[in-house]
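Here is the structure we will look at, set down as C-alpha cells.
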Amino acid sequence: MLEFVDTAAEAVSRITDGATVLIGGFGNAGQPMELIDALMESGATGLTVVNNNAGQADAGLALLIKERRVAKIICSFPRQSDSWHFDEAYRAGEIELELVPQGNLAERMRAAGAGIGGFFTPTGYGTQLAEGKEVREIDGKHYVLESPIRGDFALIKAYAADPYGNLVYRKTARNFGPVMATAAAHTIVQVDEVLDEPINPEHVVTPGIYVDTVVGIPTESGVKEREEREALAAGKPKPCLATKTAAELAAEK
C-alpha cells in the first residue's frame, strides 16, 4: 500500500541486513543521496547493491562501501578516478563484484519488472562475462542468456509525486529510476515536491502502482526545476540560457 512518510529514516526503516537494494543514479544525477545517508544511519549491513557504478568520492554509496556495509555490488562501471573506497575494499577481498555491461544491467532489471525469465543478448559473448552461461547461435549470431535482476528494495530519486504515487523526473536524473521501480518488491522514492493534484496521465513516467513509499526532500536540483518552470510560464528564458525570451526561442524553431 502506498505511504507518504516525513523523513528519509522512516522511508528506509524496512531495509534489513542482507537485502538486495537497487540504487538509482548515473554518477550524481538521480542518486538518492538522502535515502542512502539514511540507510547508512539505519545500520543495515551485508547488503547486495545494484548500481551503475561503485560509488564516488566520499559521499552516498561510496560511504556505504567504506563502512563495509555492502557485501556484493552488481554494476557496470566499478572503477573511476575517485572510487577509492571500492578499490580498497575490493583489493582487500571484502566486497564481491559482479560486472555487468550497462545495457545488460538495464535490460536485466527491465526483465525482472516485466516478468521475463531471461533473454539472449550478443553483449559479452566470447568474453569472461559469458563464462558459465548458456550460449545459443541464432541466425548465425551468438547470444548469451542473461537472467533478471530483482531487488528487495529500490531507492530512487524523482522530481515530483502526486497523491497516487505517480512520478515525474528531472531531465537526465531519470536514468535507472523507472526500470528499478518496476524491478523491486518495495520501491522507495525521494522527491522534491509532493503535489496536491494528480499529474497529467500523459506526463507520468513511473505509474504509482510501482511505488510503495514516498518522502519529500527538497534539493538544489528541484529548486532549478521550479525556477525554469516559473521562468517559462512568465515568458522569460530559462535561467541557464542566454538572454533570449521563450517566444524568441520558439520563433527560431
Residue pairs, two or more places apart or on separate chains, that pass salt bridge (Lys or Arg N to Asp or Glu O under 4.0 Å) and touch residues 109-118: Glu107-Arg110
Side chain proximity check, Gln102 to Phe176, heavy atoms < 4.5 angstrom: yes
Residue pairs, two or more places apart or on separate chains, that pass salt bridge (Lys or Arg N to Asp or Glu O under 4.0 Å) and touch residues 11-40: Glu3-Arg14
Basic-acidic side-chain contact under 4.0 Å: Arg170, Glu228: yes
Full working for side-chain contact (heavy atoms from CB on, under 4.5 Å) between Leu22 and Met109: CA-CA 9 Å; Leu22 317 179; Met109 288 186 284; 4.2 Å; yes
Val12: which of Thr7, Val5, Leu155 passes side chain to side chain contact (heavy atoms under 4.5 Å, CB included): Leu155
Taking every non-hydrogen atom, the tightest pair across Arg150 and Ala112: CG-CB, 3.5 Å
Cluster overlap Phe26 with Val49, hydrophobic side-chain contacts below 4.5 Å: no
Nearest-0.5 Å distance that lies between atom CD in Glu227 and atom CG in Leu232: 12.0 Å
Where Pro198 and Pro163 come nearest, the two heavy atoms and their spacing: N-CD, 4.2 Å
Tell me which donor-acceptor pairs under 3.5 Å the side chains of residues 129-138 have, and how far apart each pair is, sequence neighbours excluded?
{"residue": "Lys133", "atom": "NZ", "partner": "Leu129", "partner atom": "O", "Å": "3.1"}
{"residue": "Lys133", "atom": "NZ", "partner": "Glu146", "partner atom": "OE1", "Å": "3.1"}
{"residue": "Lys133", "atom": "NZ", "partner": "Glu146", "partner atom": "OE2", "Å": "3.2"}
{"residue": "Glu134", "atom": "OE2", "partner": "Arg136", "partner atom": "NE", "Å": "2.9"}
{"residue": "Glu134", "atom": "OE2", "partner": "Arg136", "partner atom": "NH2", "Å": "3.3"}

Single-linkage hydrophobic cluster Val70~Phe86, side-chain heavy atoms < 4.5 angstrom: yes
Side-chain heavy-atom pair Val21, Thr48 within 4.5 angstrom cut-off: no
Shared hydrophobic cluster, Tyr169 / Val189 (ILVMFWY, side-chain heavy atoms < 4.5 Å): yes
Separation between CG of Leu195 and OH of Tyr164, rounded to the nearest 0.5 Å: 12.5 Å
Main-chain N/O of Gly208 paired to Asn166 side chain as donor or acceptor, under 3.5 Å: yes
Shortest non-hydrogen separation from Phe4 to Asp162 and the atoms involved: CZ-O, 3.4 Å
Pair Asp58-His85, side-chain donor/acceptor within less than 3.5 Å: yes
Spacing of Leu99 atom CG and Cys75 atom SG [to the nearest 0.5 Å]: 6.5 Å
Distance-minimising heavy-atom pair for Ala161 and Leu167: CB-CD2, 3.6 Å
Trace of the side-chain contact (heavy atoms from CB on, under 4.5 Å) decision for Ile74 with Ile149: CA-CA 9 Å; Ile74 302 173; Ile149 297 176; 4.0 Å; yes
Arg68: partners by salt bridge (charged side-chain N to carboxylate O under 4.0 Å, His left out), with sequence neighbours left out: Glu88, Glu94
Arg69 (side chain) donor-acceptor with Ala44 (main chain) under 3.5 angstrom: yes
Common cluster, Ile199/Val194, ILVMFWY with side-chain heavy-atom separation under 4.5 Å: no
Between Thr123 and Tyr143: side-chain donor-acceptor atoms closer than 3.5 Å: no
Flag side-chain contact, heavy atom, 4.5 Å: Ile15 against Ser42: no
Thr213 side chain vs Ala11 backbone, donor-acceptor pair below 3.5 Å: no
Pairwise side-chain contact, Ile156 with Thr187, heavy-atom cut-off 4.5 Å (strictly under): yes
Test side-chain contact (heavy atoms from CB on, under 4.5 Å) applied to Gln80 - qualifying residues, sequence neighbours left out: Asn53, Gln56, Phe77, Asp82, Ser83
Path from Ile217 to Val191 over hydrophobic side-chain contacts below 4.5 Å: no
Verdict with reasoning, Met40 to Leu63, per side-chain contact (heavy atoms from CB on, under 4.5 Å): CA-CA 8 Å; Met40 174 78 79; Leu63 293 182; 3.2 Å; yes
Non-hydrogen atoms of Val215 and Ala8 that approach each other most closely: CG2-N, 3.9 Å
Approximate separation, where rounding is to 0.5 Å, of Ser13 OG and Ile188 CD1: 7.5 Å
Check: Gly25 main-chain N/O paired with Asn175 side-chain donor or acceptor under 3.5 Å: yes
N/O donor-acceptor pair under 3.5 Å between Asp152 side chain and Thr20 backbone: yes
Approximate separation, where rounding is to 0.5 Å, of Ile73 CD1 and Leu47 CG: 11.0 Å
Heavy-atom side-chain contact between Val211 and Thr206 under 4.5 Å: yes
Ile95 vs Ile65 side-chain heavy atoms within contact, under 4.5 Å: yes
Pairwise side-chain contact, His142 with Pro122, heavy-atom cut-off 4.5 Å (strictly under): no
Within-4.5 Å side-chain heavy-atom neighbours: Gln190 and Thr219: yes
Derivation and outcome, side-chain contact (heavy atoms from CB on, under 4.5 Å), residues Tyr90 and Leu97: CA-CA 8 Å; Tyr90 185 76; Leu97 168 66; 3.8 Å; yes
Nearest heavy-atom neighbours spanning Ala62 and Ala57: CB-O, 3.3 Å
Point-to-point distance, once rounded to the nearest 0.5 Å, from OG of Ser147 to CG of Asn104: 10.0 Å
Partners passing side-chain contact (heavy atoms from CB on, under 4.5 Å) against Ala111 (at least two apart in sequence or in another chain): Ile116, Phe119, Pro148
